[in-house]
Amino acid sequence: VEGAIKGFFLNATGGDAIAEGGSVSVSETTVEGAIKGFFLNATGGDAIAEGGSVSVSETTVEGAIKGFFLNATGGDAIAQDGSVSVLNNSTVKGYVFGASTTVKQNSSATSRASRNTVTIENSKIGNLVYGGYAVNESSGIAEASGNILTLKNVNVPSFIIPGFAQNNGSGKAVAEGNTVTLRGGTYSGSIFGSYAYAAGSAATAGGNIVTLQGDDMSGGGSPSFNPQNTVIWGSRALVGRQEYAPGSPNTLNFIDAKGMTAANISNFSILKYTLPNMKAQESVLTLTGGANNEKTDISNASVSIAVAD
């Protein structure tokens with residue numbers, strides 16, 4: 001396929017751009033550009049998309065994949081309940097976003113990329129993976145909450161974030177209640193349950209679940225990380241350069257996984273282990289401290305341990 005694929009494109013001036021449902025499916029081919037499932041642009045109105053899907057199978061995408069790509073100037077940009085699937089030995093040379101929303105100009109409008117799902121299996125991704133990415137340039141809210149990322153046997157060289165809220169204006173950023181599951185695969189960048197950044201107001205992130213899972217009770221097929229670069233975060237919230245604690249507890253689950261090594265973990269207050277069959281001296285997760293040999297603080301975390309049936 002030459003060039004990019006846009007499943008649905010709507011440009012509205014002085015009104016709303018709205019899309020509900022619909023699907024884009026690409027299989028057994030090469031796409032020379034990017035894939036944008038639903039591309040909505042509204043000037044003087046809202047851009048709203050709900051419930052669409054993008055599916056890629058046995059395909060090479062030379063660019064990126066965005067399930068929803070919404071821009072609004074003077075109105076809300078809201079993308080919810082969409083899904084993106086990359087399956088069956090596909091290769092995406094760019095990034096993968098479930099939904100991206102941007103609000104421009106000075107207004108009190110909302111930018112929300114929430115409740116979106118990204119599933120990637122047995123494939124390679126050339127850049128970062130986001131479930132929902134909400135950007136606001138105004139005094140309104142940027143929110144990326146309730147997104148779900150599930151990756152199985154995937155190679156990702158960069159960040160993995162199910163919910164990223166970024167407010168470059170004077171409004172708030174909220175990224176809460178997101179979920180990421182990594183089952184097998186190789187991951188070179190850091191993993192975040194969610195990330196919230198606000199330039200000058202408030203940023204809240206927390207209530208996320210990160211799961212590291214093996215294939216079976218033997219612990220085989222556990223995820224692999226970069227020992228010096230990969231930090232696994234429950235959440236991260238920044239206002240300017242000031243870091244804030246999680247707004248609600250984050251959970252790190254280990255299910256039938258062992259023999260993993262990463263630089264560090266941060267901002268988890270609940271650790272749950274469902275152990276596979278293990279021998280003496282075997283470990284679930286070894287932390288190196290990374291290049292700066294940073295310490296790990298789980299002093300206030302609750303820990304539960306169970307053995308797989």
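Note that the numbering runs from 1 along the sequence shown for the chain.
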Any heavy-atom pair between the side chains of [Y] and [X] that's under 4.5 Å?
X: L151; Y: Y187; answer: yes
X: N167; Y: I141; answer: no
X: V118; Y: I148; answer: no
X: I160; Y: L182; answer: yes
X: T274; Y: V307; answer: no
X: L285; Y: L287; answer: yes

Test your reading of the model: is there a side-chain donor-acceptor pair from [X] to the backbone of [Y], 3.5 Å cut-off?
X: S123; Y: E121; result: yes
X: N264; Y: K295; result: yes
X: S188; Y: P157; result: no
X: S90; Y: T59; result: yes
X: T230; Y: N226; result: yes

Intermediate values then yes/no, side chain to side chain contact (heavy atoms under 4.5 Å, CB included), S201 and S170: CA-CA 6 Å; S201 183; S170 59; 5.7 Å; no
How would you list all residue pairs meeting salt bridge (Lys or Arg N to Asp or Glu O under 4.0 Å) that involve [range], not counting sequence neighbours?
range: residues 223-235; result: none
range: residues 221-248; result: R236-E243
range: residues 128-147; result: R112-E143

Any chain of hydrophobic side-chain contacts (each under 4.5 Å) joining [X] to [Y]?
X: Y273; Y: M260; result: yes
X: I120; Y: V156; result: yes
X: I298; Y: I191; result: yes
X: I255; Y: V180; result: no
X: I232; Y: F192; result: no

Tell me which pairs pass side chain to side chain donor-acceptor pair (under 3.5 Å) where either residue lies in residues 148-160, with sequence neighbours left out.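 Sorted result for residues 148-160: N122-N153.
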State the [atom1]-[atom2] distance between [X] and [Y], to the nearest 0.5 angstrom.
X: I265; Y: L271; atom1: CD1; atom2: CG; answer: 5.5 Å
X: I161; Y: L128; atom1: CD1; atom2: CG; answer: 7.0 Å
X: T186; Y: K124; atom1: OG1; atom2: NZ; answer: 10.0 Å

For residues 48-57, please give each side-chain donor-acceptor pair under 3.5 Å, one per line with the distance, not counting sequence neighbours.
{"residue": "S57", "atom": "OG", "partner": "N88", "partner atom": "ND2", "Å": "2.9"}

Closest heavy-atom contact between [X] and [Y]?
X: A175; Y: G163; result: CB-O, 3.8 Å
X: A142; Y: A165; result: O-CB, 3.4 Å
X: A237; Y: A203; result: CB-O, 3.8 Å
X: N229; Y: S190; result: O-OG, 3.4 Å
X: S139; Y: S108; result: OG-CA, 3.6 Å
X: S283; Y: T286; result: OG-OG1, 3.2 Å

Please determine whether side chain to side chain donor-acceptor pair (under 3.5 Å) holds for the pair S111 and T101, giving the CA-CA distance in whole Å, both sets of side-chain angles, and the decisive distance to 0.1 Å. CA-CA 6 Å; S111 178; T101 60; 2.8 Å; yes
According to side-chain contact (heavy atoms from CB on, under 4.5 Å), who are the partners of P249, at least two apart in sequence or on a separate chain?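 Residues passing side-chain contact (heavy atoms from CB on, under 4.5 Å) with P249: S269, I270.
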State which residues pass side-chain contact (heavy atoms from CB on, under 4.5 Å) with E62; sequence neighbours excluded, sorted by chain then number.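 Here the qualifying residues are T30, T60, K93.
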Residue from F159, Y195, Y197 passing ring pair (Phe, Tyr, Trp, His ring centres under 6.0 Å) with F164: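 It is Y195; the other options fail the test.
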Using a 3.5 Å cut-off and no angle test, enumerate the donor-acceptor pairs between side-chain atoms of residues 63-84 and protein atoms at least two apart in sequence or in another chain.
{"residue": "D76", "atom": "OD1", "partner": "T110", "partner atom": "N", "Å": "2.8"}
{"residue": "D81", "atom": "OD1", "partner": "R115", "partner atom": "NE", "Å": "2.9"}
{"residue": "D81", "atom": "OD2", "partner": "R115", "partner atom": "NH2", "Å": "2.8"}

Taking salt bridge (charged side-chain N to carboxylate O under 4.0 Å, His left out) as the test, write out the residues that go with E176, two or more places apart.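 Once residues adjacent in sequence are excluded, E176 has no partner under the salt bridge (charged side-chain N to carboxylate O under 4.0 Å, His left out) criterion.
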Residues which pass salt bridge (charged side-chain N to carboxylate O under 4.0 Å, His left out) with E58, listed by chain and number, not counting sequence neighbours: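 Testing E58 for salt bridge (charged side-chain N to carboxylate O under 4.0 Å, His left out), a comparison that skips the adjacent residues, returns none.
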Do M278 and V284 pass the side chain to side chain contact (heavy atoms under 4.5 Å, CB included) test, and can you show the C-alpha distance, the side-chain angles, and the key distance before you say yes or no? CA-CA 9 Å; M278 300 186 70; V284 173; 4.0 Å; yes
Ring pair (Phe, Tyr, Trp, His ring centres under 6.0 Å) contacts in which one or both residues fall within residues 97-120, not counting sequence neighbours: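 For residues 97-120: Y95-F97, F97-Y130, F97-Y133.
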Would you sort out whether Y244 and V239 count as a side chain to side chain contact (heavy atoms under 4.5 Å, CB included), showing the intermediate values? CA-CA 8 Å; Y244 287 84; V239 177; 3.6 Å; yes
Verdict with supporting geometry, V61 and V86, side chain to side chain contact (heavy atoms under 4.5 Å, CB included): CA-CA 10 Å; V61 181; V86 181; over 6 Å; no
What side-chain donor-acceptor pairs closer than 3.5 Å can you find for residues 208-225, not counting sequence neighbours?
{"residue": "N208", "atom": "OD1", "partner": "G177", "partner atom": "N", "Å": "3.3"}
{"residue": "N208", "atom": "OD1", "partner": "N178", "partner atom": "N", "Å": "2.8"}
{"residue": "N208", "atom": "ND2", "partner": "S194", "partner atom": "OG", "Å": "2.8"}
{"residue": "N208", "atom": "ND2", "partner": "G234", "partner atom": "O", "Å": "3.0"}
{"residue": "N208", "atom": "ND2", "partner": "N250", "partner atom": "OD1", "Å": "3.2"}
{"residue": "T211", "atom": "OG1", "partner": "N253", "partner atom": "ND2", "Å": "3.4"}
{"residue": "D216", "atom": "OD1", "partner": "S218", "partner atom": "N", "Å": "2.9"}
{"residue": "D216", "atom": "OD1", "partner": "S218", "partner atom": "OG", "Å": "2.4"}
{"residue": "S218", "atom": "OG", "partner": "G220", "partner atom": "N", "Å": "3.3"}
{"residue": "S222", "atom": "OG", "partner": "G219", "partner atom": "O", "Å": "2.7"}
{"residue": "S222", "atom": "OG", "partner": "K258", "partner atom": "N", "Å": "3.1"}
{"residue": "S222", "atom": "OG", "partner": "K258", "partner atom": "O", "Å": "3.4"}

